[in-house]
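Only one structure is covered here, and it is reproduced in the block below.
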Amino acid sequence: MEKELTELIHGCKNGSLGSFEILVGQFRSRVSGIIYKIVGASSDVDDIAQEVFLKIYKNIGGFREESKFSTWVYRITVNTVWDFLRRAKTKKTIPLENADPVFVRDRHDKQELFDLLNKNIQELPVNYRTIIVLKDIEDLSYAEIAEVLKCRIGTVESRLFRARQCLREKLKESSLWGDLYEL
Amino acid sequence: MNCKNYLKLINKLIDNELESSQKLSLESHLKICPECFTAFKELGGLKKTIRQIPAFDGNPFLWTRIYEAIKNSPVAEPIFALPKFFKTWVAVAAAFTIITGGLLFAIPEDSEETDPKTEMESAIYGIPSNPENLERITINFLVYTNSKHV
């Protein structure tokens, strides 16, 4: 898998659009997923994802294969999303589109719980939201997250700790809390 | 170590980022502290639930948009297009260096005082013996040719 990726990267560096198309196909879901989870509005995902991949295309010639390619892609994605949010001047929160309040039925559907979780993640400050996405959804290691965010591992640890505490405190107020963590 | 510190270790434990020595200390504490044990259960469960959130797949036709943008935007030219441009300029720079080097080697070292006639002949038939006197040579040449016609 790594060897195939290396060959694709070399193909892109040599100007092969075919290689770049395959690369886009391999990373599209991950990039779009991160964007959606941090930004929250699916209408903006395509525009931001396009911007991310154009940046990758433009700069892949300068990619030094000292770090993982995926880490490099994540870094570009996070920076592009943060730039977008700064431009939109909605750094703090963007509510989920069609985020209706969750009402309790006789039996809590999984989707209701996921909606509640998504809503509360979206209401976190963007720094906390980003790190929850990178760790709990994308499952990056602390070292990888530190490389993506260009910070120390200690910063990742403390930020993740505060983000989870914040999310836990918010969710504890919900009647679905017991169902959430026992899912 | 107090519960606040153990809480930080719980985060590292659920992320598999805890060193073995700290793990032993934490596991011992969790056996005797119900609050920390509850926090461990809640944080671990919460992480597990977050991981179950369905992935957002995105637009399967995203490549079409990207391809159009690459084709239509000169700004989106990749850095790996540089070698073509670079090769042309390397060739020009190399040619310039060779010519300049040739000129410098062709100039005799003690060219301060030279026979004007030699200079004139050089100006007519070949490379000036002293490029610094090119202007003077040109003027002299014009005078010389005019005198020939007079």
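In what follows, every chain begins at residue 1, and chains take the letters A, B, ... in the order their sequences are listed.
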For chain B, find which of [options] contributes the most heavy-atom pairs closer than 4.5 angstrom.
{"options": "A:E51, A:R168, A:K37", "result": "A:R168"}
{"options": "A:L171, A:V45, A:I34", "result": "A:V45"}
{"options": "A:S141, A:S29, A:G25", "result": "A:S29"}
{"options": "A:L167, A:D47, A:I121", "result": "A:D47"}

Open item on the list: So if I take each residue of residues 149-161 of chain A and look for any heavy atom under 4.5 Å from a heavy atom in chain B, which residues do I end up with?
Closed with: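 Those residues of residues 149-161 of chain A which have a heavy atom under 4.5 Å from chain B are A:E157, A:L160, A:F161.
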
Open item on the list: Considering only residues two or more places apart or on different chains, which pairs with a residue in residues 1-52 of chain B satisfy ring-ring contact (aromatic ring centres under 6.0 Å, His included)?
Closed with: B:Y6-B:H29

Open item on the list: Run the side chain to side chain contact (heavy atoms under 4.5 Å, CB included) test on B:T49 and A:L113 for me, step by step, so that the C-alpha distance in whole Å, both residues' side-chain angles and the decisive distance to 0.1 Å come before the verdict.
Closed with: CA-CA 9 Å; B:T49 307; A:L113 296 171; 5.5 Å; no

So, taking the atom named [atom1] in [X] and the one named [atom2] in [Y], what distance separates them when rounded to the nearest 0.5 Å?
{"X": "B:I66", "Y": "A:L23", "atom1": "CD1", "atom2": "CG", "result": "10.0 Å"}
{"X": "B:I53", "Y": "A:I137", "atom1": "CD1", "atom2": "CD1", "result": "5.0 Å"}
{"X": "A:D46", "Y": "B:L62", "atom1": "CG", "atom2": "CG", "result": "5.5 Å"}
{"X": "B:I70", "Y": "A:K58", "atom1": "CD1", "atom2": "NZ", "result": "12.5 Å"}

TODO: Check A:R162, A:R164, A:Q165 against B:N11 for a side-chain hydrogen bond (donor to acceptor under 3.5 Å, both in side chains) and give me the one that passes.
DONE: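 Only one of A:R162, A:R164, A:Q165 forms a side-chain hydrogen bond (donor to acceptor under 3.5 Å, both in side chains) with B:N11, namely A:R164.
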
Of all heavy-atom pairs between [X] and [Y], which one has the smallest distance, and what is that distance?
{"X": "B:F56", "Y": "A:S32", "answer": "CD2-O, 3.7 Å"}
{"X": "A:K135", "Y": "B:R51", "answer": "O-NH1, 4.5 Å"}
{"X": "B:W63", "Y": "A:L17", "answer": "CH2-O, 3.9 Å"}

TODO: Examine whether an atom of B:L7 lies under 4.5 Å from a heavy atom of chain A, and if so say whether it belongs to the side chain, the backbone or both; otherwise answer neither.
DONE: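 Backbone plus side chain of B:L7, per the 4.5 Å heavy-atom cut-off to chain A.
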
Task: With sequence neighbours excluded, residues passing salt bridge (charged side-chain N to carboxylate O under 4.0 Å, His left out) with A:E138 - done: none

Open item on the list: Are there over 12 heavy-atom neighbours, none belonging to B:E19, within less than 6.0 Å of that residue's CD?
Closed with: no

Task: Shared hydrophobic cluster for B:Y67 and A:I48 (ILVMFWY, side-chain gaps under 4.5 Å) - done: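 Cluster IDs for B:Y67 and A:I48 match.
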
- [ ] Kindly indicate whether the side chain of B:K12, heavy atoms from C-beta on, has any atom under 4.5 Å from the side chain of A:Y142.
- [x]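 In contact.
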
- [ ] State, yes or no, whether a side-chain contact exists between B:D57 and A:Y36 at a heavy-atom distance under 4.5 Å.
- [x]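 Side chain of B:D57 against side chain of A:Y36, heavy atoms only: no contact under 4.5 Å found.
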
Open item on the list: Restricting to side chain to side chain donor-acceptor pair (under 3.5 Å), what partner residues turn up for A:D139, sequence neighbours left out?
Closed with: none

